Amino acid sequence: DVYKRQVSTQSTWEFYEIGTFFNMSEVHFRDHLGKKGLKRRQKRAQIIESHDIDIPDGDLELGRKIYHSSCTGCHNLDSDGGLGPSLKTVYGRRVASRKGYGIYSRAMGGNRFYWTRENLFKFLENPEEFIPETGMFFDGISDPFERASVIEYLMYLKEYT
């Protein structure tokens, strides 16, 4: 498994790989995504980055273990067939916007924010407090490092699976 963390600047995206560092210019992304795709990616990155707070960096492997022991009972990674939607692409997505999953609670569907690190961090601590009547049967994760680890895993899933 290769884990890359994306950090955007004005014209360069920097990727950190296990023991490696390299840059990709905006021109490369434009060729790969097209102008429209590049603009969408930049806009989403601005939304996500503008809401980030200083939360601890998590451990990807610990996040994977916590996710598979606590979340997979309701959130299948490969389909929306569980009690909840797939969380494979949840990071950076608008809340209650998973196409193909139409069973969101009224409380969840009535929100229009994005799943940023900050929002995921608060939500995973106490889902019922963050979104009252969310319909999730989950008490939350009290340990900040464990929450950050789950978020690292969700970020990994979004970008590399």
Side-chain angles (χ1 to χ4, degrees), residues 1-6 8 13 15 17-18 29 32-34 36-53 55-161:
D1 279 334
V2 175
Y3 177 62
K4 300 173 186 175
R5 183 174 215 184
Q6 181 179 349
S8 70
W13 280 261
F15 290 87
E17 225 177 310
I18 299 172
F29 271 99
H32 180 68
L33 298 172
K36 205 177 232 182
L38 178 64
K39 287 186 188 268
R40 265 189 254 126
R41 189 176 186 98
Q42 287 172 332
K43 184 178 180 183
R44 187 174 18 207
Q46 287 171 350
I47 290 168
I48 292 168
E49 289 173 8
S50 68
H51 292 95
D52 277 355
I53 59 170
I55 61 174
D57 287 333
D59 177 81
L60 181 60
E61 185 58 27
L62 177 62
R64 185 189 68 76
K65 287 177 183 174
I66 294 169
Y67 182 89
H68 286 284
S69 67
S70 301
C71 307
T72 54
C74 299
H75 297 280
N76 186 332
L77 282 179
D78 297 320
S79 71
D80 293 321
L83 291 174
S86 170
L87 299 180
K88 194 172 192 174
T89 59
V90 73
Y91 182 77
R93 192 173 67 209
R94 183 177 281 174
V95 68
S97 65
R98 173 89 176 160
K99 289 182 171 96
Y101 184 79
I103 316 172
Y104 289 106
S105 67
R106 241 187 221 155
M108 194 68 87
N111 286 291
R112 289 291 170 239
F113 62 86
Y114 287 83
W115 288 118
T116 61
R117 281 176 59 98
E118 177 183 11
N119 288 333
L120 284 167
F121 195 73
K122 290 176 183 176
F123 182 77
L124 290 172
E125 181 178 23
N126 188 338
E128 193 67 35
E129 185 178 296
F130 189 73
I131 301 177
E133 299 179 28
T134 182
M136 256 186 72
F137 305 106
F138 181 64
D139 293 330
I141 302 170
S142 59
D143 183 280
F145 181 71
E146 289 183 358
R147 283 197 312 271
S149 297
V150 171
I151 294 167
E152 289 288 325
Y153 183 62
L154 293 173
M155 290 169 62
Y156 169 81
L157 289 172
K158 169 82 176 205
E159 291 295 323
Y160 305 105
T161 61

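Throughout, numbering of the chain's residues begins at 1 and tracks the sequence. Please read these numbers as outputs of a predicted model, since none were measured by experiment.
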Would you call [X] and [Y] a side-chain contact if the rule is heavy atoms closer than 4.5 Å?
| X | Y | value |
| --- | --- | --- |
| L87 | L154 | yes |
| Y91 | R117 | yes |
| F138 | C71 | no |
| N119 | V95 | no |

(Q) Show me the pairs that pass salt bridge (Lys or Arg N to Asp or Glu O under 4.0 Å) and involve residues 62-91, at least two apart or across chains. (A)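 Residue pairs with at least one partner in residues 62-91: E61-R64, D78-K88, D80-R98.
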Q: Would you check, one step at a time, whether the test side-chain contact (heavy atoms from CB on, under 4.5 Å) holds for I55 with I151?
A: CA-CA 10 Å; I55 61 174; I151 294 167; 4.2 Å; yes
Contact summary for [X] and [Y], nearest pair of heavy atoms:
| X | Y | value |
| --- | --- | --- |
| A148 | P56 | CB-O, 3.0 Å |
| Y101 | G84 | OH-CA, 3.5 Å |
| D57 | F145 | O-CE1, 3.3 Å |

Q: Quick one: pull up CZ in R93 and OH in Y114 and give me the separation to the nearest 0.5 Å.
A: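 Reported value, rounded in 0.5 Å steps: 12.0 Å.
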**Q.** Distance (rounded to the nearest 0.5 Å) between M136 CE and L124 CG
**A.**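 The CG atom of L124 is 7.5 Å from CE of M136, to the nearest 0.5 Å.
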(Q) Under the ring pair (Phe, Tyr, Trp, His ring centres under 6.0 Å) definition, can you give me all pairs with a residue in residues 59-88, not counting sequence neighbours? (A)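 Applying ring pair (Phe, Tyr, Trp, His ring centres under 6.0 Å) to every pair that reaches into residues 59-88, excluding sequence neighbours, yields Y67-Y153, H68-Y153.
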Q. Is a side-chain N or O of E125 found less than 3.5 angstrom from the main chain of I141, in a donor-acceptor match?
A.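 A pair under 3.5 Å: no.
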Q) For F123, what residues pass the ring pair (Phe, Tyr, Trp, His ring centres under 6.0 Å) criterion, not counting sequence neighbours? A)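 Expected list: W115.
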Q: Count the heavy atoms belonging to other residues, nucleotides or ligands that lie under 6.0 Å from CZ of F137, then report whether that count exceeds 12.
A: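 Open: at most 12 neighbouring heavy atoms sit under 6.0 Å from CZ of F137.
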Q. Which residue pairs pass the side chain to side chain donor-acceptor pair (under 3.5 Å) test when at least one of the two sits in residues 136-150, sequence neighbours left out?
A.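 As it turns out, there is no side chain to side chain donor-acceptor pair (under 3.5 Å) pair with a partner in residues 136-150 once direct neighbours are skipped.
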Listed pairs under 3.5 Å, donor-acceptor, residues 105-112 side chains, sequence neighbours left out:
residue, atom, partner, partner atom, Å
S105, OG, M108, N, 3.1
S105, OG, T134, O, 2.8
N111, ND2, A107, O, 2.7

